[in-house]
Amino acid sequence: MARIVMKFGGTSVADPDRIRKVAALVQDEAAEGNEVAVVVSAMSGETNRLVAYVDELSADSDIGGAIDDEYDTIVASGEQVTSGLLAIALRRRGVKARSWQGWQIPLQTDGAHSSARIKGIETLAFADSISKGTVGVVAGFQGISPDGRVSTLGRGGSDTSAVALAVALNADRCDIYTDVDGVYTTDPRIVPEARRLNRIAFEEMLELASQGAKVLQTRSVELAMNNNLPIRVLTSFADEGQENPGTLVCAEDETMEERVVSGVAYSRDEAQISLLGLKDKPGVVAQVCGVMSEADVIVDMIVQGISQTENSANLVFTVGERDVKKALAALDTAKQDIGFEDVVVNEKVTKVSVVGIGMRSHTGVAHTMFSALAERGINIEVIATSEIKISVLIDAEYTELAVRALHGAFELEASRG
Ligand code: ADP
Ligand code: ASP
Ligand code: MG
(Lines give C-alpha, C1' and ligand atoms only; values in the text may rest on other atoms or scores of the structure.)
(Ligands and ions follow the chains in the order given, each with its own letter.)
Protein backbone atom coordinates (compact mmCIF):
# COMPACT_ATOMS: atom_id res chain seq x y z
CA MET A 1 0.00 0.00 0.00
CA ALA A 2 1.26 3.47 -0.87
CA ARG A 3 0.09 7.02 -0.48
CA ILE A 4 -0.33 8.63 -3.89
CA VAL A 5 -1.10 12.12 -5.17
CA MET A 6 -2.48 12.25 -8.73
CA LYS A 7 -2.98 15.60 -10.49
CA PHE A 8 -5.09 16.13 -13.61
CA GLY A 9 -4.83 19.29 -15.70
CA GLY A 10 -7.50 21.15 -17.66
CA THR A 11 -7.56 19.04 -20.84
CA SER A 12 -7.68 15.88 -18.73
CA VAL A 13 -10.97 17.03 -17.14
CA ALA A 14 -12.25 19.01 -20.13
CA ASP A 15 -15.72 17.42 -20.26
CA PRO A 16 -17.83 14.72 -18.56
CA ASP A 17 -16.37 12.04 -20.80
CA ARG A 18 -12.79 12.96 -19.91
CA ILE A 19 -13.78 13.07 -16.23
CA ARG A 20 -15.12 9.51 -16.53
CA LYS A 21 -11.75 8.41 -17.97
CA VAL A 22 -9.90 10.12 -15.11
CA ALA A 23 -12.19 8.34 -12.65
CA ALA A 24 -11.12 5.03 -14.20
CA LEU A 25 -7.41 5.88 -13.71
CA VAL A 26 -8.05 6.88 -10.09
CA GLN A 27 -10.07 3.73 -9.48
CA ASP A 28 -7.12 1.60 -10.69
CA GLU A 29 -4.85 3.18 -8.06
CA ALA A 30 -7.46 2.92 -5.30
CA ALA A 31 -8.18 -0.73 -6.21
CA GLU A 32 -4.52 -1.56 -5.44
CA GLY A 33 -5.25 -0.59 -1.86
CA ASN A 34 -3.47 2.78 -2.10
CA GLU A 35 -4.46 5.91 -0.21
CA VAL A 36 -5.29 8.37 -2.98
CA ALA A 37 -5.45 12.15 -3.10
CA VAL A 38 -6.42 13.66 -6.47
CA VAL A 39 -5.84 17.30 -7.40
CA VAL A 40 -7.83 18.72 -10.31
CA SER A 41 -7.63 21.84 -12.47
CA ALA A 42 -10.62 23.61 -13.96
CA MET A 43 -11.91 22.37 -17.33
CA SER A 44 -9.60 23.63 -20.08
CA GLY A 45 -10.46 27.16 -21.18
CA GLU A 46 -12.54 27.78 -18.05
CA THR A 47 -9.96 29.84 -16.13
CA ASN A 48 -9.36 32.02 -19.22
CA ARG A 49 -13.10 32.56 -19.51
CA LEU A 50 -13.31 33.62 -15.85
CA VAL A 51 -10.25 35.89 -16.10
CA ALA A 52 -11.84 37.61 -19.12
CA TYR A 53 -14.91 38.47 -17.02
CA VAL A 54 -12.71 40.02 -14.36
CA ASP A 55 -10.73 41.94 -16.98
CA GLU A 56 -13.88 43.25 -18.57
CA LEU A 57 -15.20 44.66 -15.31
CA SER A 58 -11.76 46.03 -14.33
CA ALA A 59 -11.19 47.69 -17.70
CA ASP A 60 -12.00 51.18 -16.40
CA SER A 61 -8.91 51.16 -14.22
CA ASP A 62 -5.75 52.94 -15.47
CA ILE A 63 -3.57 50.22 -14.08
CA GLY A 64 -5.34 47.51 -16.08
CA GLY A 65 -5.44 43.77 -15.45
CA ALA A 66 -7.15 41.99 -12.65
CA ILE A 67 -6.07 43.98 -9.63
CA ASP A 68 -9.05 43.34 -7.43
CA ASP A 69 -8.81 40.75 -4.66
CA GLU A 70 -12.17 39.38 -5.82
CA TYR A 71 -10.19 37.96 -8.78
CA ASP A 72 -9.33 34.88 -6.71
CA THR A 73 -12.93 34.26 -5.66
CA ILE A 74 -14.02 34.26 -9.28
CA VAL A 75 -11.25 32.28 -10.94
CA ALA A 76 -11.09 29.62 -8.18
CA SER A 77 -14.64 28.55 -9.05
CA GLY A 78 -13.53 26.43 -12.03
CA GLU A 79 -11.73 23.97 -9.77
CA GLN A 80 -14.69 23.74 -7.40
CA VAL A 81 -16.80 22.40 -10.28
CA THR A 82 -14.33 19.73 -11.46
CA SER A 83 -13.59 18.48 -7.93
CA GLY A 84 -17.30 17.86 -7.36
CA LEU A 85 -17.79 16.27 -10.77
CA LEU A 86 -14.85 13.87 -10.35
CA ALA A 87 -16.13 12.85 -6.90
CA ILE A 88 -19.50 12.01 -8.47
CA ALA A 89 -17.86 10.07 -11.32
CA LEU A 90 -15.86 8.05 -8.76
CA ARG A 91 -18.93 7.30 -6.67
CA ARG A 92 -20.76 6.10 -9.79
CA ARG A 93 -17.96 3.56 -10.23
CA GLY A 94 -18.40 2.41 -6.64
CA VAL A 95 -15.31 4.23 -5.31
CA LYS A 96 -15.73 6.13 -2.04
CA ALA A 97 -14.81 9.76 -2.73
CA ARG A 98 -15.44 13.34 -1.61
CA SER A 99 -14.39 16.76 -2.82
CA TRP A 100 -12.27 19.21 -0.79
CA GLN A 101 -11.99 22.93 -1.46
CA GLY A 102 -8.78 24.77 -0.50
CA TRP A 103 -10.39 26.34 2.57
CA GLN A 104 -11.81 23.01 3.76
CA ILE A 105 -8.45 21.24 4.03
CA PRO A 106 -7.30 24.02 4.81
CA LEU A 107 -4.45 24.91 2.44
CA GLN A 108 -3.13 28.15 3.93
CA THR A 109 -1.48 30.78 1.77
CA ASP A 110 -0.13 34.30 2.16
CA GLY A 111 -2.28 37.26 1.16
CA ALA A 112 -0.77 37.93 -2.29
CA HIS A 113 -3.98 37.62 -4.26
CA SER A 114 -3.73 36.06 -7.74
CA SER A 115 -0.24 34.69 -7.02
CA ALA A 116 -0.36 33.50 -3.42
CA ARG A 117 2.31 31.28 -1.89
CA ILE A 118 1.48 28.24 0.19
CA LYS A 119 2.33 28.71 3.87
CA GLY A 120 1.13 25.39 5.23
CA ILE A 121 -1.34 22.55 4.79
CA GLU A 122 -3.32 21.18 7.73
CA THR A 123 -3.51 17.52 6.73
CA LEU A 124 -5.01 15.94 9.85
CA ALA A 125 -8.66 15.59 8.72
CA PHE A 126 -7.73 15.03 5.09
CA ALA A 127 -5.16 12.29 5.84
CA ASP A 128 -7.61 10.64 8.21
CA SER A 129 -10.26 10.58 5.49
CA ILE A 130 -8.04 9.10 2.75
CA SER A 131 -6.52 6.57 5.14
CA LYS A 132 -10.04 5.28 5.76
CA GLY A 133 -10.36 4.57 2.03
CA THR A 134 -12.16 7.69 0.80
CA VAL A 135 -10.44 9.21 -2.25
CA GLY A 136 -9.91 12.93 -1.56
CA VAL A 137 -10.59 15.05 -4.64
CA VAL A 138 -8.95 18.43 -4.07
CA ALA A 139 -9.73 21.60 -5.98
CA GLY A 140 -6.26 22.68 -7.17
CA PHE A 141 -5.01 26.26 -7.62
CA GLN A 142 -6.81 27.59 -4.53
CA GLY A 143 -6.28 28.12 -0.82
CA ILE A 144 -7.30 30.39 2.04
CA SER A 145 -5.50 33.63 2.87
CA PRO A 146 -4.61 34.81 6.42
CA ASP A 147 -7.77 36.96 6.50
CA GLY A 148 -9.99 34.04 5.53
CA ARG A 149 -10.43 34.95 1.85
CA VAL A 150 -10.18 32.62 -1.14
CA SER A 151 -6.69 32.84 -2.64
CA THR A 152 -5.20 31.44 -5.85
CA LEU A 153 -1.66 30.32 -6.65
CA GLY A 154 -1.04 31.90 -10.07
CA ARG A 155 -1.71 30.40 -13.51
CA GLY A 156 -0.85 26.72 -13.69
CA GLY A 157 -1.01 26.61 -9.87
CA SER A 158 -2.70 23.21 -9.57
CA ASP A 159 0.72 21.62 -10.14
CA THR A 160 1.91 23.42 -7.01
CA SER A 161 -1.18 22.34 -5.05
CA ALA A 162 -0.37 18.73 -5.96
CA VAL A 163 3.32 18.87 -5.05
CA ALA A 164 2.62 20.75 -1.80
CA LEU A 165 -0.01 18.20 -0.83
CA ALA A 166 2.35 15.32 -1.67
CA VAL A 167 5.04 16.89 0.55
CA ALA A 168 2.60 17.55 3.40
CA LEU A 169 1.16 14.02 3.20
CA ASN A 170 4.62 12.49 2.90
CA ALA A 171 3.33 10.74 -0.22
CA ASP A 172 5.18 7.90 -1.91
CA ARG A 173 4.38 9.23 -5.39
CA CYS A 174 3.29 12.45 -7.07
CA ASP A 175 1.99 11.83 -10.58
CA ILE A 176 1.13 14.83 -12.77
CA TYR A 177 -1.19 13.73 -15.59
CA THR A 178 -1.43 16.07 -18.57
CA ASP A 179 -2.08 16.14 -22.33
CA VAL A 180 1.49 15.22 -23.37
CA ASP A 181 3.21 11.98 -22.35
CA GLY A 182 6.07 13.63 -20.50
CA VAL A 183 8.56 16.49 -20.52
CA TYR A 184 9.98 17.02 -24.00
CA THR A 185 13.18 18.59 -25.31
CA THR A 186 10.93 21.49 -26.31
CA ASP A 187 7.23 22.17 -26.73
CA PRO A 188 6.10 19.31 -29.01
CA ARG A 189 3.39 21.57 -30.42
CA ILE A 190 6.08 23.75 -32.01
CA VAL A 191 8.69 21.12 -32.90
CA PRO A 192 7.18 17.78 -33.91
CA GLU A 193 10.65 16.18 -33.71
CA ALA A 194 10.91 17.02 -29.99
CA ARG A 195 11.69 13.98 -27.86
CA ARG A 196 10.34 12.86 -24.54
CA LEU A 197 13.00 12.76 -21.82
CA ASN A 198 12.96 9.73 -19.51
CA ARG A 199 14.47 11.77 -16.69
CA ILE A 200 15.26 15.42 -16.13
CA ALA A 201 17.07 17.07 -13.21
CA PHE A 202 15.09 19.34 -10.87
CA GLU A 203 17.35 22.27 -11.70
CA GLU A 204 16.86 21.91 -15.45
CA MET A 205 13.12 21.56 -15.08
CA LEU A 206 13.11 24.64 -12.85
CA GLU A 207 14.89 26.69 -15.54
CA LEU A 208 12.72 25.32 -18.37
CA ALA A 209 9.54 26.07 -16.41
CA SER A 210 10.64 29.56 -15.41
CA GLN A 211 11.65 30.30 -19.01
CA GLY A 212 8.19 29.41 -20.30
CA ALA A 213 7.77 25.61 -20.62
CA LYS A 214 4.37 25.57 -19.01
CA VAL A 215 4.16 21.80 -18.58
CA LEU A 216 4.87 22.37 -14.85
CA GLN A 217 4.38 25.54 -12.84
CA THR A 218 7.77 26.89 -11.70
CA ARG A 219 6.84 26.89 -8.02
CA SER A 220 5.83 23.24 -8.13
CA VAL A 221 9.34 22.30 -9.32
CA GLU A 222 10.94 24.55 -6.70
CA LEU A 223 8.92 22.84 -3.98
CA ALA A 224 9.69 19.35 -5.28
CA MET A 225 13.40 20.17 -5.49
CA ASN A 226 13.54 21.65 -1.99
CA ASN A 227 11.87 18.54 -0.58
CA ASN A 228 13.63 16.07 -2.90
CA LEU A 229 10.28 14.71 -4.02
CA PRO A 230 10.48 13.19 -7.51
CA ILE A 231 7.54 14.08 -9.79
CA ARG A 232 6.36 11.90 -12.64
CA VAL A 233 4.81 13.72 -15.64
CA LEU A 234 2.65 11.44 -17.80
CA THR A 235 -0.40 11.51 -20.04
CA SER A 236 -4.00 10.89 -19.04
CA PHE A 237 -4.76 10.13 -22.71
CA ALA A 238 -3.00 6.72 -22.95
CA ASP A 239 -5.13 3.83 -24.15
CA GLU A 240 -5.75 1.00 -21.72
CA GLY A 241 -2.74 -1.27 -21.50
CA GLN A 242 -0.52 1.22 -23.35
CA GLU A 243 2.89 1.86 -21.81
CA ASN A 244 3.02 5.26 -20.11
CA PRO A 245 6.45 5.75 -18.53
CA GLY A 246 6.34 9.56 -18.65
CA THR A 247 9.25 11.67 -17.40
CA LEU A 248 10.73 11.53 -13.93
CA VAL A 249 11.75 14.94 -12.59
CA CYS A 250 14.35 14.07 -9.96
CA ALA A 251 17.79 14.81 -8.48
CA GLU A 252 20.57 14.94 -11.08
CA ASP A 253 22.89 12.04 -11.87
CA GLU A 254 26.02 11.67 -14.03
CA THR A 255 24.17 10.55 -17.17
CA MET A 256 22.22 13.82 -17.23
CA GLU A 257 25.43 15.84 -17.26
CA GLU A 258 26.44 14.25 -20.56
CA ARG A 259 23.69 16.20 -22.29
CA VAL A 260 25.04 19.68 -22.93
CA VAL A 261 21.57 21.06 -23.58
CA SER A 262 18.46 19.25 -22.36
CA GLY A 263 15.78 21.53 -23.68
CA VAL A 264 14.64 24.74 -25.34
CA ALA A 265 11.92 26.94 -23.84
CA TYR A 266 10.21 30.07 -25.05
CA SER A 267 7.98 32.71 -23.54
CA ARG A 268 5.83 35.09 -25.54
CA ASP A 269 4.54 36.86 -22.41
CA GLU A 270 7.38 39.36 -22.47
CA ALA A 271 7.49 43.08 -23.15
CA GLN A 272 10.58 45.15 -23.82
CA ILE A 273 10.74 48.64 -22.31
CA SER A 274 13.43 51.06 -23.53
CA LEU A 275 14.22 54.22 -21.61
CA LEU A 276 15.94 56.63 -23.97
CA GLY A 277 18.12 59.62 -23.07
CA LEU A 278 18.67 58.49 -19.52
CA LYS A 279 21.19 60.44 -17.42
CA ASP A 280 24.45 58.47 -17.49
CA LYS A 281 25.25 58.62 -13.76
CA PRO A 282 25.80 56.05 -11.00
CA GLY A 283 22.63 54.81 -9.34
CA VAL A 284 20.24 55.43 -12.19
CA VAL A 285 19.65 51.72 -12.92
CA ALA A 286 19.04 51.10 -9.23
CA GLN A 287 16.54 53.96 -9.27
CA VAL A 288 14.61 52.48 -12.22
CA CYS A 289 14.60 49.03 -10.61
CA GLY A 290 13.39 50.60 -7.35
CA VAL A 291 10.47 52.26 -9.13
CA MET A 292 9.54 48.94 -10.76
CA SER A 293 9.78 47.01 -7.52
CA GLU A 294 7.58 49.55 -5.69
CA ALA A 295 5.01 49.08 -8.46
CA ASP A 296 5.25 45.29 -7.89
CA VAL A 297 6.67 44.73 -11.37
CA ILE A 298 9.34 42.06 -11.83
CA VAL A 299 12.19 43.16 -14.10
CA ASP A 300 13.81 40.25 -15.93
CA MET A 301 16.49 40.96 -18.56
CA ILE A 302 18.39 44.28 -18.39
CA VAL A 303 20.93 45.90 -20.71
CA GLN A 304 22.38 49.39 -20.59
CA GLY A 305 23.98 51.05 -23.60
CA ILE A 306 25.56 54.39 -24.34
CA SER A 307 23.47 56.68 -26.51
CA GLN A 308 24.77 59.03 -29.16
CA THR A 309 24.06 62.10 -27.07
CA GLU A 310 26.82 62.95 -24.58
CA ASN A 311 26.31 61.88 -20.94
CA SER A 312 23.19 59.98 -21.74
CA ALA A 313 22.43 56.29 -21.90
CA ASN A 314 19.65 53.98 -23.00
CA LEU A 315 18.31 51.31 -20.67
CA VAL A 316 16.47 48.33 -22.07
CA PHE A 317 14.68 45.84 -19.81
CA THR A 318 11.89 43.30 -19.98
CA VAL A 319 8.78 42.84 -17.84
CA GLY A 320 5.81 40.47 -18.06
CA GLU A 321 3.28 41.53 -20.69
CA ARG A 322 0.54 41.79 -18.09
CA ASP A 323 2.61 44.33 -16.13
CA VAL A 324 3.21 46.81 -18.96
CA LYS A 325 0.49 49.29 -17.99
CA LYS A 326 1.58 49.21 -14.34
CA ALA A 327 5.22 49.72 -15.35
CA LEU A 328 4.44 52.64 -17.65
CA ALA A 329 2.25 54.35 -15.05
CA ALA A 330 5.06 54.07 -12.48
CA LEU A 331 7.70 55.35 -14.95
CA ASP A 332 5.50 58.26 -15.92
CA THR A 333 5.12 59.31 -12.28
CA ALA A 334 8.88 59.04 -11.70
CA LYS A 335 9.94 60.60 -15.03
CA GLN A 336 11.28 63.85 -13.54
CA ASP A 337 13.08 62.07 -10.72
CA ILE A 338 14.76 59.48 -12.93
CA GLY A 339 15.37 61.89 -15.78
CA PHE A 340 14.83 60.24 -19.16
CA GLU A 341 13.66 61.65 -22.48
CA ASP A 342 11.42 58.97 -23.87
CA VAL A 343 10.06 55.51 -23.23
CA VAL A 344 9.38 52.98 -25.98
CA VAL A 345 7.49 49.70 -25.48
CA ASN A 346 7.68 46.65 -27.70
CA GLU A 347 5.30 43.82 -26.83
CA LYS A 348 6.10 41.80 -29.93
CA VAL A 349 9.12 40.05 -28.42
CA THR A 350 9.79 36.48 -27.30
CA LYS A 351 12.38 35.13 -24.91
CA VAL A 352 13.98 31.90 -26.13
CA SER A 353 16.24 29.90 -23.79
CA VAL A 354 18.44 26.83 -23.96
CA VAL A 355 18.88 24.91 -20.70
CA GLY A 356 21.17 22.11 -19.56
CA ILE A 357 23.26 21.18 -16.51
CA GLY A 358 25.94 19.99 -18.97
CA MET A 359 26.66 23.68 -19.71
CA ARG A 360 28.59 23.85 -16.45
CA SER A 361 31.34 21.70 -17.94
CA HIS A 362 31.01 22.32 -21.70
CA THR A 363 32.12 25.38 -23.61
CA GLY A 364 30.82 26.74 -26.90
CA VAL A 365 27.11 26.69 -26.10
CA ALA A 366 26.72 30.44 -26.61
CA HIS A 367 28.62 30.27 -29.90
CA THR A 368 26.41 27.44 -31.24
CA MET A 369 23.27 29.26 -30.10
CA PHE A 370 24.11 32.68 -31.53
CA SER A 371 25.42 31.17 -34.81
CA ALA A 372 22.22 29.15 -35.33
CA LEU A 373 20.14 32.32 -34.89
CA ALA A 374 22.46 34.42 -37.07
CA GLU A 375 22.29 31.87 -39.91
CA ARG A 376 18.54 32.43 -40.01
CA GLY A 377 18.88 36.20 -39.87
CA ILE A 378 17.36 36.43 -36.39
CA ASN A 379 18.53 39.50 -34.50
CA ILE A 380 19.20 39.28 -30.75
CA GLU A 381 17.90 42.23 -28.70
CA VAL A 382 19.00 41.24 -25.19
CA ILE A 383 21.00 38.33 -23.73
CA ALA A 384 20.86 36.87 -20.21
CA THR A 385 22.75 33.88 -18.84
CA SER A 386 22.95 31.70 -15.76
CA GLU A 387 25.16 28.71 -14.99
CA ILE A 388 22.83 26.32 -16.83
CA LYS A 389 20.88 28.63 -19.18
CA ILE A 390 21.28 31.16 -21.99
CA SER A 391 18.28 33.32 -22.92
CA VAL A 392 17.86 35.73 -25.81
CA LEU A 393 15.14 38.21 -26.58
CA ILE A 394 14.05 38.22 -30.22
CA ASP A 395 11.29 39.53 -32.48
CA ALA A 396 8.16 37.45 -31.72
CA GLU A 397 7.64 36.83 -35.42
CA TYR A 398 10.64 34.45 -35.40
CA THR A 399 9.61 32.41 -32.33
CA GLU A 400 8.94 29.09 -34.08
CA LEU A 401 11.90 29.49 -36.41
CA ALA A 402 14.26 30.18 -33.50
CA VAL A 403 13.00 27.29 -31.36
CA ARG A 404 13.32 24.86 -34.28
CA ALA A 405 16.76 26.18 -35.22
CA LEU A 406 18.09 25.76 -31.67
CA HIS A 407 16.49 22.35 -31.27
CA GLY A 408 18.32 21.29 -34.43
CA ALA A 409 21.61 23.02 -33.59
CA PHE A 410 21.91 21.10 -30.31
CA GLU A 411 20.78 17.86 -32.00
CA LEU A 412 17.99 17.40 -29.50
CA GLU A 413 15.89 15.24 -31.82
CA ALA A 414 18.63 12.65 -31.55
CA SER A 415 19.29 13.13 -27.84
CA ARG A 416 19.23 10.24 -25.43
CA GLY A 417 16.31 10.43 -22.99
P1 ADP B 1 -2.33 20.95 -17.91
O2 ADP B 1 -3.61 21.57 -18.32
O3 ADP B 1 -2.36 19.46 -17.87
O4 ADP B 1 -1.76 21.55 -16.67
P5 ADP B 1 -0.58 22.59 -19.54
O6 ADP B 1 -1.24 23.10 -20.77
O7 ADP B 1 -0.43 23.51 -18.39
O8 ADP B 1 -1.31 21.25 -19.11
O9 ADP B 1 0.87 22.03 -19.90
C10 ADP B 1 1.02 21.04 -20.91
C11 ADP B 1 1.50 21.72 -22.19
O12 ADP B 1 2.80 22.25 -22.01
C13 ADP B 1 1.65 20.78 -23.37
O14 ADP B 1 0.45 20.61 -24.07
C15 ADP B 1 2.73 21.46 -24.22
O16 ADP B 1 2.19 22.15 -25.32
C17 ADP B 1 3.35 22.49 -23.27
N18 ADP B 1 4.81 22.37 -23.20
C19 ADP B 1 5.67 23.42 -23.32
N20 ADP B 1 6.92 23.02 -23.23
C21 ADP B 1 6.90 21.67 -23.04
C22 ADP B 1 7.91 20.67 -22.87
N23 ADP B 1 9.20 20.97 -22.86
N24 ADP B 1 7.51 19.39 -22.70
C25 ADP B 1 6.21 19.06 -22.69
N26 ADP B 1 5.21 19.97 -22.85
C27 ADP B 1 5.53 21.26 -23.02
N1 ASP C 1 -6.96 26.43 -13.78
C2 ASP C 1 -5.77 27.19 -13.44
C3 ASP C 1 -5.15 27.77 -14.71
O4 ASP C 1 -5.66 27.58 -15.80
C5 ASP C 1 -4.78 26.38 -12.66
C6 ASP C 1 -4.20 25.19 -13.38
O7 ASP C 1 -4.72 24.76 -14.41
O8 ASP C 1 -3.21 24.65 -12.88
O9 ASP C 1 -4.18 28.47 -14.60
MG1 MG D 1 -0.70 23.34 -16.32
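Here, residue 1 is the first one in the sequence, and each next residue gets the next number. Order of appearance sets the numbers: ligands from 1, and atoms from 1 within every ligand. These numbers come from a predicted model, not from an experiment.
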Quiz: residues 285-300 side-chain donor-acceptor pairs under 3.5 angstrom, not counting sequence neighbours:
| from | atom 1 | to | atom 2 | distance (Å) |
| --- | --- | --- | --- | --- |
| Gln287 | NE2 | Asp337 | O | 3.3 |
| Asp300 | OD2 | Lys351 | NZ | 2.6 |

Is the closest N or O pair between Asp159 and ligand 2 shorter than 3.5 Å? no
Counting only heavy atoms, tell me which of Gln217, Glu79, Arg155, Lys214 gets closest to atom 5 (C) of ligand 2. Glu79
Under 3.5 Å, is there a donor-acceptor pair linking the side chains of Ser262 and Glu204? yes
Start with the C-alpha gap between Arg155 and Asp269, add the side-chain angles, then the distance that decides, and say whether salt bridge (charged side-chain N to carboxylate O under 4.0 Å, His left out) holds. CA-CA 13 Å; Arg155 298 307 304 269; Asp269 309 328; over 6 Å; no
With hydrogens left out, which residues have an atom under 4.0 Å from ligand 1, given that only heavy atoms count? Lys7, Gly9, Gly10, Thr178, Asp179, Val180, Gly182, Val183, Tyr184, Thr186, Asp187, Pro188, Arg189, Ala213, Lys214, Val215
Please verify whether a non-hydrogen atom of Gly157 lies at under 4.0 Å from ligand 2. yes
For Ser151 and His113, does a side-chain donor sit closer than 3.5 Å to a side-chain acceptor? no
Contacting atoms of ligand 2, where contact means under 4.0 angstrom from a heavy atom of Gly156: 3 (C), 5 (C), 6 (C), 8 (O), 9 (O)
Near Ser158, which atoms of ligand 2 are under 4.0 Å from a heavy atom of that residue? 5 (C), 6 (C), 8 (O)
Counting only heavy atoms from other residues, nucleotides and ligands, does the tally under 6.0 Å from CD of Gln242 exceed 12? yes
Hey, which atoms in ligand 2 end up nearer than 4.0 Å to a heavy atom of Ser41? 6 (C), 7 (O), 8 (O)
Anything under 30° is parallel, anything over 60° is perpendicular, the rest tilted; go ahead and classify Phe8 against Tyr177. parallel
